[in-house]
Amino acid sequence: MTDSLTIRDNRTGEEHEIEIVDGTIRASDLKKVGGLATYDPGFVNTASCRSAVTYIDGDKGVLEYRGYPIEQLAEHSTFLEVSYLLLNGELPTSDQLGQWTHDVTHHTFLHENIKSLMTGFRYDAHPMGMLMSSVSALSTFYPDARDIADPDNRYLQITRMIAKMPTIGAFAYRHSQGKPYVYPNNELSYCANFLSMLFKMSEPAYAADERLVKALEVLFILHADHEQNCSTNAVRSVGSSQVDPYSAVAAGIGALYGPLHGGANEAVLKMLRRIGTTDNIPGFIEGVKAGKEKLMGFGHRVYKNYDPRATIIKKACDDVFAVTGVNPLLKIAQELEKIALEDEYFVSRKLYPNVDFYSGLIYEALQFPPEMFTVLFAIGRTPGWLAQWQELVVDKEQKIARPKQIYTGHRTRDFVPMSQR
Ligand SMILES: CC(C)(COP(=O)(O)OP(=O)(O)OC[C@H]1O[C@@H](n2cnc3c(N)ncnc32)[C@H](O)[C@@H]1OP(=O)(O)O)[C@@H](O)C(=O)NCCC(=O)NCCS
């Protein structure tokens, strides 16, 4: 064996040979080294699956879906075409794309009882909480979704979920505004229909500016997958129990809700607003370096270089601001980036802007309140979650996710009656 590792156990003097495949060793092979396990909080150096969906080279700043560079997809493709690619592994032919677009478009409506469920939320409910609950509620509307072994059934649920996410997201937004919910218009494209459901008032048909529709397509494409990130891992982990895909995706939405994941762009805007003027940037940076807070929108578990999505978003900012006018926070963001990229603290830790640093500025220009930012992320990420879920379901090597622990608590003790405590 050449591709192998020889481990000498200094406790016993025994040597063990462990096979190396694809730059990894199997953690279960370590068991033969005196029952050894690995300890890896946050999975910083553990592969949980084999996946052919998304490739990232964090050092070089490369992101590819099914081998296609993100830059090319953002420039030439649409969100539905990219969704097809992620789910099926290949770009669609014209007929395949036509069928896929038809199928998604004809599942955009929600059961009226989902609407009733949503109207039951408080007026100030966070739209991510509404999205998460409504998606998990879909599992009760489609009990057939439990039959995850049937590929046709999986296709139906995947189509439904990709189709209904914008409707639920838009209803959640209208709810927070106290405005009537707007039903889907299936004459429109995926993104144009989403904008219509969000912003239509009394006009017979809502026609969004094509440049804004394109910007939304790009933003959704950029968010469509990112290999084994926190929310995808949540979808896979919950999905590994063989639950229906609505429940698994609801878990992913929960993970995305957190400020260290999808909530970061909302945090970026709050941070920029708090900084207020470029004069306050040096003082803010000093506070970050002293560990008082983080520079939100900077740093990434995988990218130790400029996040390629941030480059594309920066460009999309220009296109959107040409329609909406420049967001005044842009100046602070640009200056903050410039100062941070020259500062030893950020350089030595390889902290670069990530996708969230500029996305919030665009979303704000598109009239979204900060609470909606993560909902947009969730809509964009849905095909990625589902492509990964599907891969998990057909992967014979996968098992129910169940990590080990290092137990640090007490061992067997006798119960103490209340009177003696
Ligand atoms: C994304 C993130 C969670 C990755 O975390 P991670 O891989 O666990 O990296 P660590 O927290 O170990 O960071 C390594 C070092 O950089 C520092 N660091 C990381 N991100 C930082 C940030 N945004 N601002 C300031 N310092 C940061 C850490 O404090 C740590 O410093 P130390 O070595 O002196 O302790 C983290 O960079 C972060 O919290 N960023 C801000 C939130 C954000 O933008 N999230 C969106 C991700 S797309």
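All values below were derived from every heavy atom in this structure, side-chain atoms included, with hydrogens, water molecules and symmetry-related copies excluded. Remember, it's 1-based here, ligands and their atoms both numbered in the order they're listed. Sequential numbering from 1 along the given sequence is applied to the chain's residues.
- A salt bridge does not link K331 with E335: every distance from a Lys NZ or Arg NE/NH1/NH2 to an Asp or Glu carboxylate oxygen is 4.0 Å or more.
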Pairs under 3.5 Å, N/O atoms on ligand 1 and on the protein: can you put them in a table with the distances?
{"from": "ligand 1", "atom 1": "7 (O)", "to": "R301", "atom 2": "NE", "distance (Å)": "2.7"}
{"from": "ligand 1", "atom 1": "8 (O)", "to": "R301", "atom 2": "NH2", "distance (Å)": "3.0"}
{"from": "ligand 1", "atom 1": "23 (N)", "to": "L295", "atom 2": "O", "distance (Å)": "2.7"}
{"from": "ligand 1", "atom 1": "23 (N)", "to": "F298", "atom 2": "O", "distance (Å)": "2.9"}
{"from": "ligand 1", "atom 1": "24 (N)", "to": "L295", "atom 2": "N", "distance (Å)": "2.9"}
{"from": "ligand 1", "atom 1": "26 (N)", "to": "Y345", "atom 2": "OH", "distance (Å)": "3.0"}
{"from": "ligand 1", "atom 1": "31 (O)", "to": "R349", "atom 2": "NE", "distance (Å)": "3.2"}
{"from": "ligand 1", "atom 1": "34 (O)", "to": "R349", "atom 2": "NE", "distance (Å)": "3.1"}
{"from": "ligand 1", "atom 1": "34 (O)", "to": "R349", "atom 2": "NH2", "distance (Å)": "3.0"}
{"from": "ligand 1", "atom 1": "39 (O)", "to": "K294", "atom 2": "NZ", "distance (Å)": "2.9"}
{"from": "ligand 1", "atom 1": "40 (N)", "to": "F298", "atom 2": "O", "distance (Å)": "3.0"}
{"from": "ligand 1", "atom 1": "44 (O)", "to": "G297", "atom 2": "N", "distance (Å)": "2.8"}
{"from": "ligand 1", "atom 1": "44 (O)", "to": "N354", "atom 2": "ND2", "distance (Å)": "3.0"}
{"from": "ligand 1", "atom 1": "45 (N)", "to": "L260", "atom 2": "O", "distance (Å)": "3.4"}

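- For the residue pair I148 and D244, the shortest heavy atom distance occurs at CG2-CA, 4.3 Å.
- A salt bridge does not link E217 to K214: none of the charged nitrogens lies less than 4.0 Å from a carboxylate oxygen.
- Residues in residues 238-258 take part in these ring-ring contact (aromatic ring centres under 6.0 Å, His included) pairs, two or more places apart or across chains: H126-Y257, Y142-Y246.
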Which donor-acceptor pairs under 3.5 Å do the side chains of residues 190-200 make with protein atoms, sequence neighbours left out?
{"from": "Y190", "atom 1": "OH", "to": "I162", "atom 2": "O", "distance (Å)": "2.6"}
{"from": "N193", "atom 1": "OD1", "to": "N185", "atom 2": "N", "distance (Å)": "2.8"}
{"from": "K200", "atom 1": "NZ", "to": "E203", "atom 2": "O", "distance (Å)": "3.0"}

Below 3.5 Å, can you tabulate the donor-acceptor pairs from side chains in residues 368-378 to any protein atom, sequence neighbours excluded?
none

